[in-house]
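To start, the structure under review is shown below, and the notes come after it.
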Amino acid sequence: MQFDALAPGSHPGLIYPAYKSTVKRGPTLPPVAVHAPASLKTNLAPPTSLLLPFDADLTAQGDGAPLGDKIVVTGRVLDEDGKPVRNSLLEVWQANASGRYRHKRDQHNAPLDPNFNGWGKMLTDDDGRYRFVTIKPGAYPWGNHDKAWRPAHIHFSMFGNAYAQRLVTQMYFPGDPLFEFDPIYQSISDLAARERLVSRFSLDETVGDQMLGYEFDIVLRGRNATPFGL
């Protein structure tokens, strides 16, 4: 097992003044070591009964087709040694094509899409691979500062081989002009780490004339870890 040192700035700063809410919620005291009970070290075995028929197709959960560009997202969940993390429960949530979440706290005046809930879940296979179909989310204003717009992104939450190995992060799309203006994305000072949050366009994964394909690999720990805490 590798325990390569992380490059400084590989994860977002806990308090990053440009991201205003971190000033109030970021920890100000030193971390406290917690003894991990056995339940945090034992392997997860999520039952397949957790999954509903259309959990991995976010475009098929309504009575009709949602608005926006249909896409497919796939990738692998890996540990610090590059080994696949099998049978990992992966959850995703996102805004719709207009940049609005189906959530009571989202009062953006963009329209809700009655055919798009914006969340799904799936398990990785024996190769650590996941795949889901969705709509490319829109950018949206979030009030952090003047002209604050978030780049289009999809939230990911996943578990590794144990409950202690959980990663919450965001996947972005290549070439987004909002990257340099987004304090959440910029809270990761290491450029290489930031770029690990950006998916790759894939013609191989593109499905005919139906949807474009994107690949996004997720590494739970180690030198090539995907930044988490976003």
| said: Any heavy-atom pair between the side chains of R166 and S157 that's under 4.5 Å? | reply: yes
| message | Please check: side-chain N/O of R194 versus main-chain N/O of I188, any donor-acceptor pairing under 3.5 Å? | response | yes
| message | Taking the side chain as everything from C-beta on, heavy atoms only, tell me whether L90 gets closer than 4.5 Å to V77. | response | yes
| said: We want to know whether T74 and R129 form a side-chain donor-acceptor pair, criterion being a heavy-atom distance below 3.5 angstrom. | reply: yes
| field | Side chain D113, main chain N115, donor-acceptor under 3.5 Å | value | yes
| request: Over 60° means perpendicular and under 30° means parallel, so classify the ring planes of H11 and F228, tilted if in between. | output: tilted
| query | Side chains of P227 and L197: closer than 4.5 Å at any heavy-atom pair? | reply | yes
| CD-CZ distance between E205 and R131, expressed to the nearest 0.5 angstrom | 7.0 Å
| When you measure from the centre of the six-membered ring of F173, is the NZ or CZ of K136 under 6.0 Å away and within 45° of the axis? | yes
| Below 6.0 angstrom between ring centroids: does that apply to F216 and Y172? | no
| remark: Interatomic distance, CD@Q170 vs CZ@R150, rounded to 0.5 Å, equals 4.5 Å
| query | Mind checking whether V73 and F132 have side chains closer than 4.5 Å, heavy atoms only? | reply | yes
| Under the 3.5 angstrom rule, does the side chain of D55 hit a backbone N or O of L52 as a donor-acceptor pair? | yes
| Between S202 and D204, is any side-chain donor less than 3.5 angstrom from a side-chain acceptor? | no
| Cut-off 3.5 Å, side chains only: do Q94 and R102 have a donor facing an acceptor? | no
| field | Inter-residue atom distance I184.CD1 - T22.OG1, 0.5 Å rounding | value | 9.5 Å
| query | Which of parallel (below 30°), tilted (30 to 60°) and perpendicular (above 60°) describes Y140 and H153? | reply | tilted
| field | Heavy-atom side-chain contact between W119 and Y101 under 4.5 Å | value | no
| Within 6.0 angstrom of D125 CG, more than 12 heavy atoms from elsewhere | yes
| remark: When rounded to the nearest 0.5 Å, the distance separating OG1 of T59 from CD1 of I135 is 6.0 Å
| query | Can you tell me if D79 uses its side chain to pair, donor with acceptor, with the backbone of L220 under 3.5 Å? | reply | no
| R100 side chain vs A110 backbone, donor-acceptor pair below 3.5 Å | yes
| note | Separation between CG (L78) and CG (D127), nearest 0.5 Å, reads 8.5 Å
| message | Working to the nearest 0.5 angstrom, can you tell me the gap between L58 CG and F116 CZ? | response | 5.0 Å
| field | Check: F179 main-chain N/O paired with Q186 side-chain donor or acceptor under 3.5 Å | value | yes
| query | Without hydrogens or angle criteria, can the side chains of Y19 and H145 be said to hold a donor-acceptor pair below 3.5 Å? | reply | no
| field | Backbone N/O of Y16 and side chain of S187: donor-acceptor pair under 3.5 Å | value | no
| query | Do side-chain atoms of D217 reach the backbone of G75 as a donor and acceptor pair under 3.5 angstrom? | reply | no
| message | Looking only at side-chain N and O atoms, does T124 offer a donor or acceptor that is under 3.5 Å from a partner on R76? | response | no
| task | Flag the pair L167 / I218 as yes when at least one side-chain heavy-atom distance between them is below 4.5 Å, and no otherwise. | result | yes
| field | Verdict with supporting geometry, L51 and K121, side chain to side chain contact (heavy atoms under 4.5 Å, CB included) | value | CA-CA 7 Å; L51 305 180; K121 58 182 180 290; 3.8 Å; yes
| query | Going by heavy atoms in the side chains, are H108 and P141 under 4.5 Å from each other? | reply | yes
| query | With a 4.5 Å limit on heavy-atom distance, are the side chains of Y214 and I71 in contact? | reply | yes
